[in-house]
Amino acid sequence: MTPVSIASIFRRGIESVGESVRIQGWVKTRRDSKAGISFVQVSDGSCFDSLQVVAGAVLDNYSTEVLKAGAGCSVIAEGTLVSSQGKGQSVELQATRVEIVGWVEDPDTYPISPKAHSFEYLRQVAHLRSRTNTFGAIGRVRHTLAMAVHEYFHNNEFQWIHTPIITGNDCEGAGQMFRVSTLDLANLPRTPDGKVDFSKDFFGRETHLTVSGQLNVETWCMALSKVYTFGPTFRAENSNTSRHLAEFWMIEPEIAFANLAQDADLAEGLLKHMFTRLLAERGDDMRFFADRIDKGCIQRIEALLASPFERMDYSDGVKHLEAAVAKGHKFDYPVSWGTDLQSEHERYLTETLVGRPVVLMNYPKEIKAFYMRLNDDGRTVAAMDILAPGIGEIVGGSQREERLDVLDSRLVEMKLDPAVYWWYRDLRRYGTVPHAGFGLGFERTIVYATGMANVRDVIPFSRTPQNCEF
RNA sequence: UCCCCUAUAGCUCAAUUGGUAGAGCGGGCGGCUGUUAACCGCCAGGUUACUGGUUCGAGUCCAGUUGGGGGAGCCA
């Protein structure tokens, strides 16, 4: 008999009554009735709900096996779908055969016992946490959001560019990098002046894991017009917060013949499409998050979808913050034009002042990267961040500096070596055009959508300082 | 990297001013029931993270180490 997914059974509901099916999955719980039947909740991860398998004493392995099958055991069940006599489910499987494929060797120490566990504990058993309700839901939500990203871009004539993971740029401008090397650390080759001789390394030069695909994707933008990358990025910062990972996934579109306003529109359109698909496809998981994790998460998304994102200049943001201070609002850090906003300032703008995501635009050039386009005022650059309640910055983007002379003077100002960026500068020498793009943090977006408190719990295996067990 | 908090049963937590460890959940066994956060009874399970110190006596106080968490910075 061909197995079917539990999701496919629930999709058809009572229509499926009378059919013979085979399902395969893992036991969530088992409840016994001494009348001679057991109710085995089986999950295969295809949807939030588990299927109730009704196993009677007529099964030849009922007392020897079914009555001993507890949480975590893998099972195959065959039988007929019937409408349920009990409350809580529309259909259930009246089993004619239940095979225990894999036992749990010691139920007393099985790490995922059927009870509430803390997320901190579950991180220590990350190889098993996917079996819990929460992480199953996270996995499906993550998939749906990722698919929605590709769907949105594909529908809007973007090309997915697979930018490299290993990069020869040692300064992509976004933080500390992980070194990639095959040199023998115990016996490093040296140059005559005593430095490590990277010409002997695998690539014949220093290489690192990428911190951003942006510079590479810009090159393809200058030919295919609308492009994006979506892949893992790596930052060797010693960051210990609920918003940072050493390995995280980032979506980075780049659009040619475009300015900052169009960039912000693109970010808004992408986020709204992602969340629209999420509510449409994962209502079951989102109801769980609303029920157990964050009561307001669905309403928050619905509110986001219902109105345009607030757009605000950095300078106006500073004015709002100064006005708040004047009215007696206390911040730990002072606010003044020219300094980067602290977390508490960002939170005030997005959580207190607006209550929805805010697109903050046109920052002082001193606090932003070299590639961001200098505005006509000479003191700000065409940068935009999208700040979201609860998580802070989920998008960082800009219109790129397309003028070679301005780019070069910015490189010099920031004490960077133009020669290192020779191929990036070439884009400005051969058919340059105004263009813009941004980076959307995938895990932060999931945190925002689900109300989960920590990015470490929305990625299958988190990498953080001092933590790479799995 | 800085600041703060924390470490007790498989898990979540209790344990008066320092007096020698307890509950719930989970697990096993039994009872009951078309059950579904099931319910009732019994049982098992702990060098109180580690090292050292103070004390007649340390889960409790002190120091160090290690792990975990929260916040800050960096950013996505």
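The basis for the numbers below is simple: all heavy atoms, side chains too, and nothing from hydrogens, waters or symmetry mates. Reminder, nothing fancy here: chain letters follow the sequence lines and each chain counts from 1.
Here the P atom of nucleotide B:C74 and the CD atom of A:Gln342 are 6 Å apart, to the nearest Å. Rounded to whole angstrom, the span from the CG atom of A:Leu245 across to the C1' atom of B:C74 amounts to 14 Å. Taking atom CD1 of residue A:Ile37 and atom P of nucleotide B:U36, one finds them 12 Å apart after rounding to whole Å. Rounded to an integer number of Å, the gap from CD of A:Glu247 to P of B:A76 is 17 Å. Distance A:Gln124 CD to B:U12 C1': 14 Å, rounded to the nearest Å.
At a threshold of 4.0 angstrom between heavy atoms, the contacts of A:Glu252 with the nucleic acid are absent. Residue A:Glu443 is classed as having no contact, given no heavy-atom separation below 4.0 Å to the nucleic acid. In this structure, A:Gln214 reaches neither bases nor backbone, as no heavy-atom distance under 4.0 Å exists between it and the strands shown. Among the protein residues, A:Asp106 comes within range of no part of the nucleic acid, since none of its heavy atoms lies under 4.0 Å from any strand.
Under a 3.5 Å cut-off, the side chain of A:Ser38 and the backbone N or O of A:Val40 do not form any donor-acceptor pair. Side chain of A:Glu254 to main chain of A:Val227: no donor-acceptor pair is present (N/O by atom type, distance under 3.5 Å, no hydrogens or angles).
Using a 4.0 Å cut-off, no side-chain N or O of A:Arg31 falls inside it from OP1 or OP2 of B:C39. Checking the phosphate oxygens (OP1, OP2) of B:G69, a side-chain nitrogen or oxygen of A:Arg123 falls inside 4.0 Å. Look at A:Arg456 and you'll find a side-chain N or O under 4.0 angstrom from OP1 or OP2 of B:G69. OP1 or OP2 of B:G73 has not a single side-chain nitrogen or oxygen of A:Thr241 nearer than 4.0 Å. Between B:G27 and A:Ser113, no contact under 4.0 Å exists linking OP1 or OP2 to a side-chain N or O. Regarding contacts with the backbone of B:G69, every side-chain N or O of A:Ser242 stays at 4.0 angstrom or more from both OP1 and OP2. For B:A72, one of the phosphate oxygens OP1 or OP2 lies less than 4.0 angstrom from a side-chain nitrogen or oxygen of A:Arg347. Between A:Ser33 and B:G34 there is a side-chain polar atom (N or O) within less than 4.0 angstrom of OP1 or OP2.
A heavy atom closer than 4.0 Å to some atom of RNA chain B occurs in no member of residues 264-279 of chain A.
Residues A:Lys226 and A:Asn156 share a closest heavy-atom pair of NZ-O, 2.8 Å.
Side-chain N/O atoms of A:Asn240 and base N/O atoms of B:U1 include a donor-acceptor pair closer than 3.5 Å. Counting distance only, with no hydrogens placed and no angle test, the side-chain atoms of A:Asp108 and the base atoms of B:G26 include a donor-acceptor pair under 3.5 Å.
Here the separation of B:G10 from B:C5, taken at their C1' atoms, is 25 Å to the nearest Å. Rounded to a whole angstrom, the distance from the P atom of B:A37 to that of B:U20 is 41 Å. Straight-line distance between the P atoms of B:G19 and B:U48: roughly 16 Å, to the nearest whole Å. Distance check on atom P: B:A76 versus B:G28 gives 50 Å, rounded to whole Å. Only the C1' atoms considered, B:U47 is 42 Å distant from B:C32, to the nearest whole Å. B:G70 and B:A38 have their P atoms separated by 29 Å, with the value rounded to a whole Å. On the C1' atoms, B:C50 is 37 Å away from B:C29, given to the nearest whole Å. Across B:C2 and B:C61, the matching C1' atoms stand 27 Å from one another, rounded to whole Å.
The pair A:Glu393-A:Arg243 fails the salt-bridge criterion, with no side-chain N (NZ, NE, NH1 or NH2) lying under 4.0 Å from an Asp/Glu carboxylate O. Salt-bridge check for A:Asp340 with A:Lys368: failed, with every basic side-chain N at 4.0 Å or more from each acidic carboxylate O. Of the charged side-chain nitrogens involved, none lies within less than 4.0 Å of a carboxylate oxygen, so that A:Arg347 and A:Glu344 do not count as a salt-bridged pair. Electrostatic pairing of A:Glu151 and A:Arg277 counts as a salt bridge here, judged by a charged N lying under 4.0 Å from a carboxylate O. Looking at A:Glu268 and A:Arg311, a side-chain N of the basic residue comes within less than 4.0 Å of a carboxylate O on the acidic one, giving a salt bridge.
When side chains are defined from C-beta on, A:Val75 does not count as touching A:Gln24, because their heavy atoms never get closer than 4.5 Å. Between A:Ile23 and A:Val42, the closest side-chain pair of non-hydrogen atoms falls below 4.5 Å.
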Let's test your reading of the pairing rules: Watson-Crick or G-U wobble, both distances under 3.5 Å, then write RNA chain B as a dot-bracket string with ( ), [ ], | and dots. (((((((..((((.....[..)))).(((((.......))))).....(((((..]....))))))))))))....

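Judged by the 6.0 Å distance and 45° axis criteria, A:Arg287 is not positioned over the aromatic ring of A:Phe48.
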